Each structure stands twice: as C-alpha cells, then as structure tokens.
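The model shown is predicted, which means the values in this text are computed figures rather than measured ones.
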Amino acid sequence: MINGSDRHRFSGRRVLDLESWSSSDIPLLRDPREFVAELHQRHLPQPGTTVVAVLDALHQVTASASFAARQHSEDGWQHRHEILTHLRLITPHDLRLAQPKRTAVLLRCRDGAAGWTRQDGAWMWALRDAAALHGLRCGSYIALTPSGWQSLGDGRSGRNPHSGSWVDGPVHTVTELSPRPARPQSGQPGRPGQVAPVRPLHRFATG
C-alpha cells in the first residue's frame, strides 16, 4: 500500500514537463507538416482522440491506430497501457534489436489552448515508456488544438489541420472515435464502414 506522500512522489514521475521532454533527444520529424496531414487524413481525429503511429528508418508511417482515451488524466500510467496495447495490435516489437530502428509518434487531438499542459506531460511520459517497452524509439508528441497543430518541444507548428478539421472529410476506414450520433442505416450492425451508434469502433492503418 502506498501512503499519501509516496503516492504523490510516484505519480509525479508519470508526467514530463516541457523542459524534460525537449532535453530527451527526441528524433525530429523530417517533414512534420506532411506527417500531420497524412495522419489526419488517415484517422480524421476529433477532440478526445489519440493517434499513435510507427515510423520506419526512412520516417515513413508503417502502421497507426486511433483510439478514445481518458483525456483528462494527469497520470501517464493509464495512458501508457493504452498506447502499448495499440502498439501490440498494429506492429511487432523490436526488443531483440540492439538499437531501435523504428519510432513511435503520438498525436493527441484536444480542446483548449495550444502549448504544453500537464495532461500533455502525462501522455509524453506514457509515450516514452510504452515505446521503450515495445523496443521502439520515442518520437515526437503533437498536439492538435483549435488553433492548429504543434510539435511540442521543437517549436514547429501550423494552422491546418486543427482539432475541428475532421468535419471536412469522409472517414475512409473504420476507426475508434468518441461516440457521436449516427443516422440509422440499412444492413446488419457492425458492418465495415458504418459508425456504430452505441460503442466506438477501432481504426487501424498500415502502409
């Protein structure tokens, strides 16, 4: 059992501030604008959606997944489990390699102002830990907000896409998004391409 002071100390290790993140030798995206546009086109994230992507040695996306999560948690422990679960679903681990050759990158679509928040810090901790447990390098963390996208820690940003851009395009593949109203459609429930009215669906993209 953990007492109050130890719980606070232990919980504090599950959040990374922006200074710690910036000094962690995170590999920079070669073209963050193109990367964010590609990932957004694949998943059309809305606020409350997190996207994890895996890049190969040439910085090309080999797999990605979007999922709804506990966005308001300030403890990275739960987030780490969520990221690691989806990494295991979309790509094999590289734990047998002496050095990681692939990189895990996270995009979090949220409301609120641009810039680092303590919730972002919890996701940063989670990404770093989940990547290590899967044998991957920890890559960039991108916040998608109403004002645009921002690669936190390296100062690169853009106005589009933003957290509301998902309404401008069709969903091409099935995804796990925050539940939203869906008009009744003919056919059996749960068929590919339909949005379930009760429970969210998973979305995975490869290649």
K.L.:
Which residues pass the salt bridge (charged side-chain N to carboxylate O under 4.0 Å, His left out) test with D17, sequence neighbours left out?
P.N.:
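Residues passing salt bridge (charged side-chain N to carboxylate O under 4.0 Å, His left out) with D17: none at all.
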K.L.:
What pairs meet the salt bridge (Lys or Arg N to Asp or Glu O under 4.0 Å) rule with one or both residues in residues 22-34, with sequence neighbours excluded?
P.N.:
none
K.L.:
Between R137 and Q99, is any side-chain donor less than 3.5 angstrom from a side-chain acceptor?
P.N.:
no
K.L.:
Could you list who else is in L28's hydrophobic cluster, with ILVMFWY side chains joined at under 4.5 Å, directly or through other members?
P.N.:
none
K.L.:
Who passes salt bridge (charged side-chain N to carboxylate O under 4.0 Å, His left out) against R156, sequence neighbours left out?
P.N.:
D154
K.L.:
Which heavy-atom pair separates P47 from D111 by the least distance, and what is that distance?
P.N.:
CG-OD1, 3.5 Å
K.L.:
Is there any salt bridge (Lys or Arg N to Asp or Glu O under 4.0 Å) pair reaching into residues 88-105, and which pairs are they, with sequence neighbours excluded?
P.N.:
D94-R102
K.L.:
Keeping the roles fixed (side chain from W21, backbone from G121), state whether a donor-acceptor pair exists under 3.5 Å.
P.N.:
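Absent.
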K.L.:
Return yes if a side-chain donor-acceptor contact under 3.5 Å exists between S165 and H40, otherwise no.
P.N.:
no
K.L.:
Between the main-chain N or O of G164 and the side-chain N or O of H162, is there a donor-acceptor pair closer than 3.5 Å?
P.N.:
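Here the side-chain-to-backbone pair exists.
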K.L.:
Who are the side-chain contact (heavy atoms from CB on, under 4.5 Å) partners of A114, not counting sequence neighbours?
P.N.:
T145, S147, Q150
K.L.:
Start with the C-alpha gap between L55 and F35, add the side-chain angles, then the distance that decides, and say whether side-chain contact (heavy atoms from CB on, under 4.5 Å) holds.
P.N.:
CA-CA 10 Å; L55 309 183; F35 170 79; 3.6 Å; yes
K.L.:
Calculate, to the nearest 0.5 Å, the distance between atoms OH and CG belonging to Y141 and L127 respectively.
P.N.:
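Separation between the atoms: 9.0 Å.
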K.L.:
Is there a chain of hydrophobic side chains (I, L, V, M, F, W, Y, each step under 4.5 Å between heavy atoms) that links L152 to W125?
P.N.:
yes
